[in-house]
Protein chains: 2
Amino acid sequence: MIPVDQTERNDRLSERLATRGFRFTPQRRHVYELLRQASDHPTAEEVFLRVKQAMPEIALATVYNCLDALVQCGLVRLVNLHRGATRYCANMKEHWHFHCDACESVFDVAVADDTVRAGVALPWGFKAERYETAIHGLCPACGNGRKG
Amino acid sequence: MIPVDQTERNDRLSERLATRGFRFTPQRRHVYELLRQASDHPTAEEVFLRVKQAMPEIALATVYNCLDALVQCGLVRLVNLHRGATRYCANMKEHWHFHCDACESVFDVAVADDTVRAGVALPWGFKAERYETAIHGLCPACGNGRKG
DNA sequence: CTAGGTGCAAAAGGTTTGCGGTTAA
DNA sequence: TTAACCGCAAACCTTTTGCACCTAG
């Protein structure tokens, strides 16, 4: 049984997928819903483990497939913060990511929409599609007992 | 035989390593020099293959070790742009990276020093150490014959 | 119907680790 | 002299691929 506000989202998801020639599958719906509810920028494997609870037969390769489709539809963005696994984020509003060097947690940082790109002129011919900014440092929990 | 301006740099590199308890080794000197001269943000393996020409016995694991030491000394920064291998950059001046989604090339983008962080207030307790901004899109070469 | 998607398992990348021998300080 | 580093190889983790079966449109 799916809540009403989700059926609306499913319609939009279905449309969004269709415009790019992707099919609307239960796996993609689960992955997308999970990512919308997650606030911790999970890795592909974390998405896999969580979706598995509702859908025990899903395969990790399918999760990658779903994530790729969602990224191509502009519904999900990749977050690459260090040498470790890529994380995923379904919040498409403009924001930055704070990455704690100590505990590896990721926090969203609100940004005034247009100040972000101020002062930056791309050379002619370059076409910008999306901006990703990461701030690296120490979060409140880790910053206290340390040299910083 | 090492050019004069490099011996100066070696002194600085040596000092910089020493302050963090790292040793000044020929491998670290080669890796750092190569990275300073490279303009294409090479991956660890690319650094390895190039340093190997001057130092055939060097191991890939040693390159990772050297890169880690240089990163910890603040002489080199990690550049994570997608799911692929991490790239490395010895230009520590503030700049952004443009990543072409088509050919995967990376270009430096100049930025006016202080406009970059304008408009962003970190929540209390967060300590920012470094900022990394990536712009994803199409470079001039790839943008021409395409839908964009 | 059938092109595209799924699950599974194996392979391919990328990075880290353990160890015996070497070296910068 | 000795803790740190090196080279090598194996292990580890993340992502991709190939294939037989399945299903959304």
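Owing to the predicted nature of the structure, the values given are computational and were not obtained by experimental measurement. Per chain, numbering begins at 1; letters A, B, ... match sequence-line order.
Residues E129(B) and G137(A) approach most closely at CG-CA, 3.5 Å, considering heavy atoms. Contact between P42(B) and E46(B) at its shortest, heavy atoms only, is CA-OE1, 3.0 Å. The minimum heavy-atom distance linking F98(B) with L122(A) is given by the pair CD1-CD2, 3.9 Å.
Comparing the local axis fitted to the first five base pairs of the helix from dC1(C)-dG25(D) to dA25(C)-dT1(D) with the one fitted to its last five gives a bend of 50°, rounded to 10°.
Under the 3.5 Å distance criterion, the side-chain polar atoms of R28(B) are matched with a main-chain donor or acceptor of R23(B). No donor-acceptor pair closer than 3.5 Å links the side chain of N80(B) to the backbone N or O of T86(B).
Look at CZ on R29(A): it is 14 Å from C1' on dA24(D), rounded to the nearest Å. Here dC6(D) presents its C1' atom at 15 Å from CG of L67(B), a figure rounded to the nearest Å. Straight-line distance from the CZ atom of R87(A) to the C1' atom of dT15(D): 16 Å, rounded to whole Å. Residue N10(A) contributes atom CG, which lies 15 Å from atom C1' of dA24(D) at whole-angstrom precision.
Donor-acceptor pairing under 3.5 Å, judged by distance alone, is absent between the side chain of R83(B) and the base of dT14(D).
Ionic pairing of R50(B) and D40(B) is present here: one or more N-O contacts between side-chain nitrogen and carboxylate oxygen are shorter than 4.0 angstrom.
With contacts defined as side-chain heavy-atom distances shorter than 4.5 Å, the pair L78(B)/L67(B) does not qualify. Between D101(A) and H99(A), the closest side-chain pair of non-hydrogen atoms falls below 4.5 Å. For the pair R16(B)/Y32(B), no side-chain contact is recorded, criterion being any heavy-atom separation below 4.5 Å from C-beta on. Taking 4.5 Å as the limit, every side-chain heavy atom of T133(B) sits out of range of all side-chain heavy atoms of H97(B).
Residues A69(A) and Y88(B) both approach DNA chain C. Their nearest nucleotides, taken by heavy-atom distance, put A69(A) toward the 5′ side. For the pair G84(B) and P26(A), both in contact range of DNA chain C, the more 5′-proximal nearest nucleotide belongs to P26(A).
Residue Q27(A) has no polar side-chain atom (N or O) positioned under 4.0 Å from OP1 or OP2 of dT23(D).
Protein chain A touches strand DNA chain C; the 5'-most and 3'-most nucleotides with an atom under 4.0 angstrom of its non-hydrogen atoms are dA3(C) to dT16(C).
Of the residues in residues 40-64 of chain B, E57(B), I58(B), A59(B), A61(B), T62(B) come within less than 4.0 Å of DNA chain D through at least one heavy atom, sorted by number.
Relative ring orientation between H41(A) and H95(A) is described as tilted, the plane-to-plane angle lying within the 30° to 60° band.
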